[in-house]
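Here is how names work: the chains are called A, B, and so on, in the same order as the sequence lines, proteins then strands, and each is numbered from 1.
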Amino acid sequence: MSNKVSPQIAAPLLAWYDAEARVLPWRAPPGSPAPANDPAGPYRVWLSEVMLQQTQVATVIPYFERWTARWPDFASLAAADDAEVMSMWAGLGYYARARNLLKGARAVVAEHGGRLPDTEAALLTIPGIGAYTAAAIAAIAFGRRAVVVDGNVERVVARLLAIETPMPAVKPAIRAATDSITPDVRAGDFAQAMMDLGSRICTPRNPKCLLCPIAGPCAARMEGAPERYPVKAAKKVRPVRRGTMFWLTHEDRVWLVRRPEKGLLGGMRALPTGPWQDTPPALTGAPVAADWRVLPATATHGFTHFELVCALAAARWDGHTPPGEGEWWPIADIESAGLPTVFARAAKLFREDGGCGG
DNA sequence: AAAGCGTGGAA
DNA sequence: TTTCCAAGCTT
């Protein structure tokens with residue numbers, strides 16, 4: 001959809017982007033879409049977009065550098081070992097992204113000749129690519145016009161138009177408004193400019209309107225309270241769940257398990273735990289019946305939808321191998337186990353306790 | 001279609 | 001300290 005509003009927004013925004021764009025490892029210089037074998041080519045754009053889902057740029061950069069050094073292209077990633085992929089992602093969160101990334105790379109190799117498809121519709125069929133990521137890749141990596149809407153764009157557009165309808169009901173209207181200001185050329189730069197603007201100028205709190213290239217037509221700015229937008233529905237309180245983590249040691253090793261493929265922390269190496277529930281489960285779910293010693297410390301961790309408070313139970317074990325899938329991992333190398341942060345922190349507490357194997 | 005899904009930066 | 005929320009996707 002081409003239109004007349006676009007130049008009022010797109011032209012000054014693109015001029016600002018040409019002068020102020022951040023230098024990022026996956027970003028081509030402003031002005032032209034990345035060639036297929038470019039350092040900012042489709043593989044790196046895809047990888048960066050998935051890593052950036054709900055994750056800030058500064059957090060992503062070191063993961064992106066490590067990842068691309070290990071797996072520089074679709075072919076190498078498609079051939080990668082699943083466990084190593086999950087370890088490389090450990091600490092970044094939302095682990096379904098890593099599982100889907102691997103599925104996606106294999107699908108690209110098996111079904112698309114080793115090249116990422118260049119249309120939104122085809123991109124949407126690849127695991128881990130949704131509406132936002134498909135549009136972003138089509139625009140940024142392939143130079144297509146696509147309507148790219150992420151959280152930054154939602155905030156910028158809601159302020160530009162001073163939209164009163166609360167999130168998330170307003171999403172379709174914001175998408176339509178974004179369509180109306182997206183230019184026919186340089187849609188990828190436009191999208192990145194909107195996101196740069198949202199993260200650096202049009203911030204959730206204390207937006208820097210004096211530095212904003214599109215403050216002129218901004219309705220929220222004219223009202224004098226841009227931070228009021230986007231209007232949001234009231235949010236729910238996060239419940240507390242309680243559990244126990246188990247630190248079972250044998251000589252200088254600790255017993256680690258792998259969590260089920262689906263669900264919370266799916267597919268990740270982990271300390272054994274019991275159930276996480278409203279009431280403390282004590283030693284329910286212990287890997288073996290042993291003389292468990294409960295540490296004075298507890299481990300707490302905030303997840304998206306609940307707060308976890310875990311008791312820490314330690315025991316030495318000289319008996320048979322515990323039942324179920326698992327491995328005795330050298331405690332000295334625990335940091336190379338690829339544990340999610342919630343377990344990595346607990347492991348540190350166990351080792352500082354020093355009572356068992358630490 | 002509402003809920004499940006991690007972690008850390010910033011104020 | 002708490003609170004918000006970040007380049008969302010899946011079921």
### Task
Using the P atom on both, measure dG8(B) against dC9(C) and round to a whole Å.
22 Å

### Query
Looking at the side chain of E49(A), which of dA7(C), dC4(C), dC5(C) is the nearest nucleotide?
dA7(C)

### Query
Among side-chain atoms of T182(A) and D179(A), is any donor-acceptor pair under 3.5 angstrom?
no

### Task
Take atom P in dG4(B) and the same atom in dA7(C), then report the distance between them in whole Å.
24 Å

### Query
Does F303(A) have its ring centroid less than 6.0 Å away from the ring centroid of H305(A)?
no

### Query
For the side chain to side chain contact (heavy atoms under 4.5 Å, CB included) test, which of V60(A), L52(A), I61(A) pairs with L24(A)?
I61(A)

### Message
Over all strands shown, is S199(A) touching base, sugar-phosphate only, or nothing at heavy-atom distances under 4.0 angstrom?
### Response
sugar-phosphate

### Message
The side chain of K235(A) is closest to which nucleotide in this list: dT7(B), dA6(C), dC4(C)?
### Response
dC4(C)

When the side chains of residues 261-274 of chain A are checked against the rest of the protein, which donor-acceptor pairs come out under 3.5 Å, sequence neighbours left out?
{"residue": "R269(A)", "atom": "NE", "partner": "E327(A)", "partner atom": "OE2", "Å": "2.7"}
{"residue": "R269(A)", "atom": "NH1", "partner": "A337(A)", "partner atom": "O", "Å": "2.8"}
{"residue": "R269(A)", "atom": "NH2", "partner": "E327(A)", "partner atom": "OE2", "Å": "3.4"}

### Donor/acceptor link under 3.5 angstrom from T55(A) side chain onto base of dG8(C)
no

### Task
Choose from dG8(C), dG6(B), dG4(B) the nucleotide whose nearest atom is closest to any side-chain atom of T304(A).
dG6(B)

### Task
Decide yes or no, distance alone: a donor-acceptor N/O pair under 3.5 angstrom between the base of dA7(C) and the side-chain of R22(A).
yes

#### Entry: N-O pairing of R159(A) and E223(A) below 4.0 Å
no

### Task
Pick base, sugar-phosphate or nothing for G198(A), based on heavy-atom distances below 4.0 Å to the nucleic acid.
nothing

### Per Y95(A) side chain, nearest of listed nucleotides dG6(B), dG9(B), dC5(C)
dG6(B)

### Query
Can you list, by residue number, the residues of residues 151-162 of chain A that have a non-hydrogen atom closer than 4.0 angstrom to DNA chain C?
G151(A), N152(A), R155(A)

### Query
Out of dG8(B), dC5(B), dA2(B), which has the shortest distance to the side chain of H305(A)?
dC5(B)

### Query
Once you round it to whole Å, what is the distance between C1' of dA7(C) and OH of Y94(A)?
14 Å

Under 3.5 Å, which donor-acceptor pairs do the side chains of residues 130-140 of chain A form with other protein atoms, sequence neighbours left out?
{"residue": "Y132(A)", "atom": "OH", "partner": "E49(A)", "partner atom": "OE1", "Å": "2.6"}
{"residue": "T133(A)", "atom": "OG1", "partner": "Q53(A)", "partner atom": "NE2", "Å": "3.0"}

